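Below is one structure, written out as structure tokens, with a few remarks after it.
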Amino acid sequence: MSVSQYAVPAALVPPNRFDRRTPLQQVWFWEPDEWERFTCEWVRMRAPEEGYLGTEIIGGSNDRGADVVAFFTERRLNGEWHCFQCKLYQDELEVADALPEMVKPFVAAVETTRTLPTRYTFVAPRIHPRLKDLVLTPDELKFRFLEYLRGRTQTVAKLPAQLLGDVVKLAEATEFSMFWTINLDEMLEVYSKSPLFAARFNYPPSGAPAKLPVPSEPAAGEARFLAQLVDVYQERYGRQIVTVDDAFTHARSRDHLRRQREAFYAAEELRLYARDSVPGDAYAELQDDVLVNLVEVADDDHESGWHRLRAVVTQAGNLQVSGSAIASYFRQVQRKGMCHQFANDDKLTWCDGGER
């Protein structure tokens with residue numbers, strides 16, 4: 001993220017450079033490990049709905065067909081669990097790709113203390129229609145799998161005769177409705193609703209900041225920036241303004257005060273939006289970059305607190321912001337409001353003699 005103190009004509013400022021490729025186009029440049037992490041994030045998003053107690057990435061060459069696992073009890077892979085086998089292929093995942101992988105959980109159940117997963121899901125950017133159809137008919141899938149085990153494929157030929165016999169027996173006794181498929185488009189139905197979506201695919205956050213009404217009576221969270229404004233009004237208009245109530249009723253300050261509170265709450269709208277829509281702390285990062293520029297203006301000599309306030313707000317309005325996921329929402333009213341957020345935290349002080 002960068003913030004420049006020099007004003008540039010809006011027509012010359014390039015838009016935020018978000019990635020215009022679709023998620024599917026971006027995925028082709030991922031490594032398999034990244035696809036596993038993405039799958040694990042998706043599984044965790046579904047944990048409340050599914051009732052998962054925990055999720056883990058296993059992956060690696062000895063994962064026994066379980067890249068990502070989600071379990072329901074503290075017995076984990078010795079109890080009830082779901083398995084997600086991640087395949088990052090340029091082409092669609094086909095039946096011939098799936099059958100060798102299906103052998104692995106049965107071998108693991110025979111050779112180790114692992115139970116068979118109650119759901120085994122192939123996760124790939126794209127799934128071949130024939131594989132999807134086969135998974136939708138568990139009886140046919142089971143027939144094809146047993147047929148595969150009785151063949152002389154390279155995967156089956158590596159299994160010792162006793163182990164293969166045990167695998168066949170277990171497969172014959174298993175309900176093949178445990179097998180599922182899911183592709184990227186289906187995953188994005190869940191993932192796109194998460195704050196992680198904007199960061200992972202370098203997309204602008206979805207939606208827009210929700211309107212935050214300005215309460216008729218000042219809230220406790222406004223106290224410090226309002227006190228600073230009272231100092232400004234008292235210095236400008238005289239000792240008849242001593243309290244916030246005085247500022248609300250004074251003919252010269254009341255409209256200005258109303259506009260400052262509206263700006264403060266507009267900035268709060270953006271802060272809450274960033275919190276709920278963008279991973280990390282995008283708003284705090286934006287504040288840090290903006291404050292660096294405003295402090296220098298506030299430190300200059302000014303005729304009065306009123307002039308310092310106006311100079312700082314003007315500088316905030318002239319800043320050119322880039323690289324932030326919320327930059328497109330950082331309008332003039334939010335810029336003014338952010339100045340009052342700084343005053344509320346005593347990071348900026350309008351009148352000489354106060355603490356900053």
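What you see is a predicted model, and the numbers here were worked out from it, not measured in a lab.
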* **Any residue meeting salt bridge (charged side-chain N to carboxylate O under 4.0 Å, His left out) with R271, in chain and number order, not counting sequence neighbours** => E268
* Asked: Going by distance alone, is a donor N or O of one side chain under 3.5 Å from an acceptor N or O of the other, for E41 and Y191?
  -> yes
* Structure fact -> Taken in chain and number order and not counting sequence neighbours, the residues that satisfy side chain to side chain donor-acceptor pair (under 3.5 Å) with T137 are E140
* Just jot down the side-chain contact (heavy atoms from CB on, under 4.5 Å) partners of E74, sequence neighbours excluded, or say none. => L53
* **Inter-residue atom distance R126.CZ - L88.CG, 0.5 Å rounding** => 11.0 Å
* Structure fact -> One should read off an interatomic distance between D231 CG and W350 CH2, to the nearest 0.5 angstrom, of 12.0 Å
* E222: what forms a side chain to side chain donor-acceptor pair (under 3.5 Å) with it, not counting sequence neighbours? -> R261, Y265
* Structure fact -> The side-chain contact (heavy atoms from CB on, under 4.5 Å) partners of M187 (sequence neighbours excluded) come to W35, F38, T39, W42, V123, I182
* Asked: Hey, mind stepping through V242 and Q234 against side-chain contact (heavy atoms from CB on, under 4.5 Å) and telling me if it holds?
  -> CA-CA 7 Å; V242 178; Q234 186 178 89; 4.1 Å; yes
* Asked: Under a 4.0 Å N-O cut-off, is there an ion pair linking E111 with R64?
  -> yes
* To do: Identify, with sequence neighbours excluded, every residue that meets side chain to side chain donor-acceptor pair (under 3.5 Å) alongside R150.
  => E172
* Cation-pi check, R119 to W180: give yes when NZ or CZ is under 6.0 Å from the six-membered ring centre and within 45° of the ring axis, no otherwise. => yes
* To do: Assess whether salt bridge (charged side-chain N to carboxylate O under 4.0 Å, His left out) is satisfied between R308 and D352, documenting all intermediate values.
  => CA-CA 10 Å; R308 178 175 285 108; D352 289 333; 3.0 Å; yes
* Carboxylate-amine/guanidinium proximity below 4.0 Å for R224 and D345 -> no
* Under the side chain to side chain donor-acceptor pair (under 3.5 Å) test, residues paired with H82 that sit two or more places apart -> Y52, T118
* **side chain to side chain donor-acceptor pair (under 3.5 Å) pairs, two or more places apart, involving residues 209-220** => none
* **Residue pairs fulfilling ring pair (Phe, Tyr, Trp, His ring centres under 6.0 Å) with at least one residue in residues 132-153, sequence neighbours excluded** => F106-F145, F145-F176
* Structure fact -> Distance col, row I326:CD1 vs Q334:CD, nearest 0.5 angstrom, shows 9.5 Å
* Are side-chain heavy atoms of S253 and I241 found at a separation under 4.5 Å? -> yes
* Sub-3.5 Å donor-acceptor pair from the side chain of W81 to the main-chain atoms of R114, do we have one? -> no
* Derivation of the salt bridge (charged side-chain N to carboxylate O under 4.0 Å, His left out) call for R44 and E56 -> CA-CA 9 Å; R44 285 172 177 160; E56 297 286 348; 5.1 Å; no
* side chain to side chain contact (heavy atoms under 4.5 Å, CB included) partner of V295, chosen from N293, D299, V292 -> D299
* How about P117 and P105: do any of their side-chain heavy atoms sit closer than 4.5 Å? -> yes
* From SG (C83) to CD (E101), nearest 0.5 Å -> 9.5 Å
* Structure fact -> So ring pair (Phe, Tyr, Trp, His ring centres under 6.0 Å) across residues 212-241, not counting sequence neighbours, yields F225-F264, F225-H340, Y233-H256, Y237-H250
* Got a sec, which residues hit side-chain contact (heavy atoms from CB on, under 4.5 Å) with A223, two or more places apart in sequence or on another chain? -> none
* How far does CG of D289 sit from CG of L294, to the nearest 0.5 angstrom? -> 11.0 Å
* Asked: Which residues satisfy the side-chain contact (heavy atoms from CB on, under 4.5 Å) test with E235, sequence neighbours excluded?
  -> S304, C351
* Asked: When you check the gap from the basic side-chain N to the acidic O, do K87 and D67 get nearer than 4.0 Å?
  -> no
* Roughly how far apart are M178 CE and K142 NZ, rounded to 0.5 Å? -> 11.5 Å
* To do: Tell me, with the steps shown, if I58 and V68 meet side-chain contact (heavy atoms from CB on, under 4.5 Å).
  => CA-CA 6 Å; I58 298 180; V68 177; over 6 Å; no
